[in-house]
Undergrad: 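There's a structure below that I have some questions on.
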Amino acid sequence: MPPLRERLELLRPLLRSQPYFSPLDDEGLASVAALVLRRVYGPDEIIFLEGEPCAGLFIVHAGRVKIFRASTEGREQILLICGPQQSFNDVAVFDGGSNPASAQAIETTEVCLIERPAMLSLLHQHPRLAQSVIAVLAARARMLVGMVQDLSLRSVTGRLAKLLLEQAHQGGQAALLTRQQMAGRLGTIREMVSRALRELEDQGLIRREGREIVIADQAALERRAEQ
């Protein structure tokens with residue numbers, strides 16, 4: 001394990017990107033860096049399962065992670081795709097319950113883990129972090145409300161249009177999702193995603209170049225995302 005000063009230099013950009021730790025000065029960040037555990041997972045490797053005891057707060061350093069719930073029949077609902085600098089399993093860290101969903105690496109992925117007792121200790125040491133916790137959990141709640149609204153009020157094609165716009169805004173990750181992963185995000189099946197992609201392509205809103213999905217008419221796609 002590298003010395004603390006070196007660890008802080010390596011982790012500072014990642015920790016600074018987190019709402020939890022951005023209020024801290026270098027001394028505070030050093031106390032966080034000392035607690036970080038590094039974990040590397042291969043493609044499709046399970047990081048944790050729904051219902052297991054919470055290990056702690058995870059932050060993606062490199063790669064992508066799928067957060068999902070699965071039915072007894074094996075059908076998945078993907079709640080979130082986390083990329084670099086995004087955290088996950090926040091809720092279980094602070095409510096003391098088990099993992100509310102499962103996490104799986106999509107590709108070779110490096111995460112930083114701060115175990116739950118260490119995270120709670122940081123909150124006691126740095127009370128200013130409590131406000132950041134409230135803000136992050138509120139954002140999670142808004143995301144879930146939006147997901148329920150999408151499933152209830154938007155068509156599959158509208159939900160797909162919204163997903164493509166969101167992923168393009170975040171750096172084009174939609175092009176890296178398989179049809180099955182898109183279906184999991186949208187709460188539908190793969191065949192419906194393929195049909196919706198063809199519909200958007202036929203309408204001239206997108207075009208497909210291999211695995212890449214290019215937005216051809218953003219304004220029209222935004223209107224379609226509301227339907």
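All heavy atoms count here, side chains included; hydrogens, waters and symmetry mates do not. Residues take their numbers from the sequence shown, with the count starting at 1.
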Undergrad: What I want to find out is whether Glu9 reaches Arg12 closely enough, with some N-O distance under 4.0 Å, to be called a salt bridge.
TA: yes
Undergrad: Donor-acceptor pair, distance only, cut-off 3.5 Å: does the side chain of Glu52 make one with the backbone of Leu49?
TA: yes
Undergrad: Between Tyr20 and Val133, is there a side-chain heavy-atom distance shorter than 4.5 Å?
TA: yes
Undergrad: Kindly give the heavy-atom pair with the smallest separation between His126 and Ser31, and that separation in Å.
TA: NE2-OG, 3.4 Å
Undergrad: Would you indicate whether the side-chain heavy atoms of Asn89 and Cys54 approach each other to under 4.5 Å?
TA: yes
Undergrad: Looking at Gly42, is its backbone amide N or carbonyl O close enough to the side chain of Thr108 to form a donor-acceptor pair, meaning the two atoms are under 3.5 Å apart?
TA: no
Undergrad: Taking Asn99 for the side chain and Gly51 for the main chain, is one N or O donor matched with an acceptor at less than 3.5 Å?
TA: no
Undergrad: Do you see a donor-acceptor pair shorter than 3.5 Å between the side chains of Gln125 and Ser121?
TA: yes
Undergrad: Whether Glu110 and Arg39 form a salt bridge (side-chain N of Lys/Arg under 4.0 Å from carboxylate O of Asp/Glu) is what I want to check.
TA: no
Undergrad: Enter the distance from Ile206:CD1 to Arg198:CZ here, rounded to the nearest 0.5 Å.
TA: 11.0 Å
Undergrad: Provide the closest heavy-atom pair for Leu221 versus Ala161 in the form atom of the first, atom of the second, distance.
TA: CD1-CB, 3.6 Å
Undergrad: Do Leu205 and Ile215 have side chains that get closer than 4.5 Å, going by heavy atoms?
TA: no
Undergrad: For Ser155 and Arg224, work out which heavy atoms get closest and say how close.
TA: OG-NH1, 3.7 Å
Undergrad: Run the side chain to side chain contact (heavy atoms under 4.5 Å, CB included) check on Ile59 and Val111 step by step: do they pass?
TA: CA-CA 5 Å; Ile59 306 169; Val111 300; over 6 Å; no
Undergrad: Which is it for Gln77 and Leu79 under the side chain to side chain contact (heavy atoms under 4.5 Å, CB included) test, yes or no, and what are the steps along the way?
TA: CA-CA 6 Å; Gln77 172 68 59; Leu79 304 176; 4.1 Å; yes
Undergrad: Treating Ile, Leu, Val, Met, Phe, Trp and Tyr as nodes and any side-chain heavy-atom pair under 4.5 angstrom as an edge, say whether Leu57 and Val40 lie in one connected cluster.
TA: no
Undergrad: Under a 3.5 Å threshold, yes or no: a donor from one side chain and an acceptor from the other, between Thr157 and Glu199?
TA: yes
Undergrad: Taking the side chain as everything from C-beta on, heavy atoms only, tell me whether Phe94 gets closer than 4.5 Å to Met119.
TA: yes
Undergrad: Where the side chain of Gln86 meets the backbone of Gly83, is there a donor-acceptor pair that is under 3.5 Å apart?
TA: yes
Undergrad: Under the criterion side chain to side chain donor-acceptor pair (under 3.5 Å), which of Gln104, Arg69, Lys66 is the partner of Glu76?
TA: Lys66
Undergrad: Quick one: closest heavy-atom pair of Ala62 and Pro84, and the distance?
TA: CA-CG, 4.4 Å
Undergrad: Measuring from Arg195:CZ to Leu197:CG, what's the distance to the nearest 0.5 Å?
TA: 12.0 Å
Undergrad: Roughly how far, to the nearest 0.5 Å, is CD of Glu107 from CZ of Arg64?
TA: 4.5 Å
Undergrad: Classify the ring geometry of Phe58 against Phe48: parallel below 30°, tilted from 30° to 60°, perpendicular beyond 60°.
TA: tilted
Undergrad: Under a 3.5 Å distance rule, please check whether Arg159 uses its side chain to pair with a backbone N or O of Leu186 as donor and acceptor.
TA: yes
Undergrad: Identify the two heavy atoms, one from Ala130 and one from Leu123, that lie closest to each other, and give their separation to 0.1 Å.
TA: N-CD2, 3.9 Å
Undergrad: Below 4.0 angstrom, N of the basic side chain to O of the carboxylate: do Asp26 and Arg16 qualify?
TA: yes
Undergrad: Go through the steps for Val91 and Leu137 under the test side chain to side chain contact (heavy atoms under 4.5 Å, CB included), then give the verdict.
TA: CA-CA 7 Å; Val91 171; Leu137 296 185; 4.1 Å; yes
Undergrad: Can you tell me if Arg208 has over 12 outside heavy atoms packed within less than 6.0 Å of its CZ?
TA: yes
Undergrad: Does Leu24 reach the side chain of Val32, with side-chain heavy atoms less than 4.5 Å apart?
TA: yes
Undergrad: Do Gln181 and Ile81 pass the side chain to side chain contact (heavy atoms under 4.5 Å, CB included) test, and can you show the C-alpha distance, the side-chain angles, and the key distance before you say yes or no?
TA: CA-CA 9 Å; Gln181 288 166 348; Ile81 301 287; 5.6 Å; no
Undergrad: Quick one: does Thr109's side chain have a donor or acceptor within less than 3.5 Å of a partner on Tyr41's backbone?
TA: no
Undergrad: Could you check if a side-chain atom of Ile67 sits within less than 4.5 angstrom of a side-chain atom of Ser102, using non-hydrogen atoms only?
TA: no
Undergrad: Which pair of heavy atoms, one from Ala225 and one from Leu165, lies closest together, and at what distance?
TA: CB-CD1, 4.1 Å
Undergrad: Do Val156 and Leu200 belong to the same hydrophobic cluster, where Ile, Leu, Val, Met, Phe, Trp and Tyr are linked whenever their side-chain heavy atoms lie under 4.5 Å apart, directly or via other members?
TA: no
Undergrad: Can you tell me how far the OG atom of Ser194 sits from the CE atom of Met182, to the nearest 0.5 Å?
TA: 9.5 Å
Undergrad: Is the closest basic N to carboxylate O distance between Arg207 and Glu201 below 4.0 Å?
TA: no
Undergrad: Between Asp217 and Glu222, is any pair of side-chain heavy atoms under 4.5 Å apart?
TA: no
Undergrad: So do Met192 and Arg179 actually touch side chain to side chain, heavy atoms under 4.5 Å?
TA: no
Undergrad: When clusters are formed by joining ILVMFWY residues with side-chain heavy atoms under 4.5 Å apart, either directly or through shared neighbours, do Leu164 and Ile189 land in the same one?
TA: no
